[in-house]
Amino acid sequence: MRSTDYKFLQQQGFSRFSENDANYRVLSLQFQPTIVGSLVFIATIFQSWQLFLVISVVLWINVLIPKANPFENFFNRFLIREKDKPRIEAAPGPRRFAQGMAAVFSLGAAISIIMSWNIAAYIFEGFLVIAFSALLFLKFCLGSYLYHLVKGEKDFANATCPWSQ
């Protein structure tokens with residue numbers, strides 16, 4: 001049976017890794033969502049359209065120019081202490097798709113707050129909080145899962161869920 005870490009890495013679009021490195025790679029890949037998820041939580045509490053807009057812009061940079069991802073670059077430059085540990089690679093399609101979804105929802109929240117569309121803002125924020133919670137606590141990435149479904153890879157997508165057998 002494959003581990004949850006192994007399934008998560010596959011869901012994110014990473015295929016070249018050893019099972020021994022899976023836990024470390026998951027921790028490195030969750031560096032960005034931990035920070036962004038925390039910022040989403042703060043932006044939600046304070047209804048800060050400015051913070052949602054910054055989150056959206058940074059995520060769009062990550063999607064459009066994966067090698068410019070500031071979180072991954074910071075992690076690779078300052079947080080990898082052991083030389084034999086793998087660096088975070090540029091995000092593959094499923095991970096970029098998930099970042100793009102988060103960018104769209106963050107922009108939607110920002111615009112909704114600016115326009116005083118409170119219900120719409122709460123809906124965008126709710127989806128973001130749920131998605132980041134699932135990602136951080138269950139190792140389930142809704143965006144990556146949807147990416148595989150859209151590509152017609154239903155069986156693969158379902159096999160990458162942490163609760164799948």
Which pair of non-hydrogen atoms, one from [X] and one from [Y], has the smallest distance, and what is that distance?
X	Y	answer
Y145	C161	CE1-SG, 3.6 Å
V129	S133	O-OG, 2.8 Å
I88	S28	CD1-O, 3.3 Å
A121	A109	CB-O, 4.4 Å
F156	Q10	CZ-O, 3.8 Å
L136	P33	CD1-O, 3.7 Å

Would you mind reporting whether [Y] and [X] have side-chain heavy atoms less than 4.5 Å apart?
X	Y	result
S48	I113	no
V26	Q30	yes
L39	F52	no
I111	W117	yes
L135	L142	no
Q32	L59	yes
H148	K154	no

Kindly determine whether L51 and F46 satisfy side chain to side chain contact (heavy atoms under 4.5 Å, CB included), including the steps that lead there.
-> CA-CA 9 Å; L51 188 50; F46 293 105; over 6 Å; no

Among Ile, Leu, Val, Met, Phe, Trp and Tyr joined by side-chain contacts under 4.5 Å, find the other residues sharing a cluster with Y122 and list them by chain and number.
-> none

Evaluation steps, salt bridge (Lys or Arg N to Asp or Glu O under 4.0 Å), between R25 and D5 | CA-CA 8 Å; R25 285 185 178 265; D5 290 344; over 6 Å; no

L79: what forms a side chain to side chain contact (heavy atoms under 4.5 Å, CB included) with it, not counting sequence neighbours?
-> F31, F74, F75

Hphob cluster co-occupancy, [X] + [Y], side-chain heavy atoms under 4.5 angstrom:
X	Y	answer
I42	F71	yes
I130	L149	no
F78	V36	yes
F14	F8	yes
L53	I35	yes

Would you confirm whether [X], through its side chain, and [Y], through its main-chain N or O, come within 3.5 Å as a donor-acceptor pair?
X	Y	value
S144	C141	no
N73	K67	yes
K7	K139	no

Should we count CD1 of I119 as having more than 12 external heavy atoms under 6.0 Å?
-> no

Are there more than 12 heavy atoms of other residues, nucleotides or ligands under 6.0 Å from atom CZ of F41?
-> no

Could you list the donor-acceptor pairs under 3.5 angstrom formed by side chains in residues 93-108, with sequence neighbours left out?
{"residue": "R95", "atom": "NE", "partner": "E72", "partner atom": "OE2", "Å": "3.4"}
{"residue": "R95", "atom": "NH1", "partner": "Q12", "partner atom": "OE1", "Å": "2.8"}
{"residue": "R95", "atom": "NH1", "partner": "L29", "partner atom": "O", "Å": "3.4"}
{"residue": "R95", "atom": "NH2", "partner": "L29", "partner atom": "O", "Å": "3.0"}
{"residue": "R96", "atom": "NH1", "partner": "A91", "partner atom": "O", "Å": "2.7"}
{"residue": "S106", "atom": "OG", "partner": "A102", "partner atom": "O", "Å": "2.8"}

Please round to the nearest 0.5 Å and tell me the distance separating atom CD of E89 and atom CG of N76.
-> 9.5 Å

Spacing of CD belonging to Q11 relative to OG1 belonging to T4, to within rounding of 0.5 Å | 11.0 Å

CA sep, side-chain torsions, deciding dist, call: V40, E125, side chain to side chain contact (heavy atoms under 4.5 Å, CB included) = CA-CA 8 Å; V40 163; E125 294 163 2; over 6 Å; no

F124/T44 under side chain to side chain contact (heavy atoms under 4.5 Å, CB included): CA gap, chis, key distance, verdict = CA-CA 10 Å; F124 283 119; T44 299; over 6 Å; no

Just do the side chain to side chain contact (heavy atoms under 4.5 Å, CB included) check on F140 and W163 with the steps written out, would you?
-> CA-CA 9 Å; F140 173 73; W163 51 84; 3.8 Å; yes

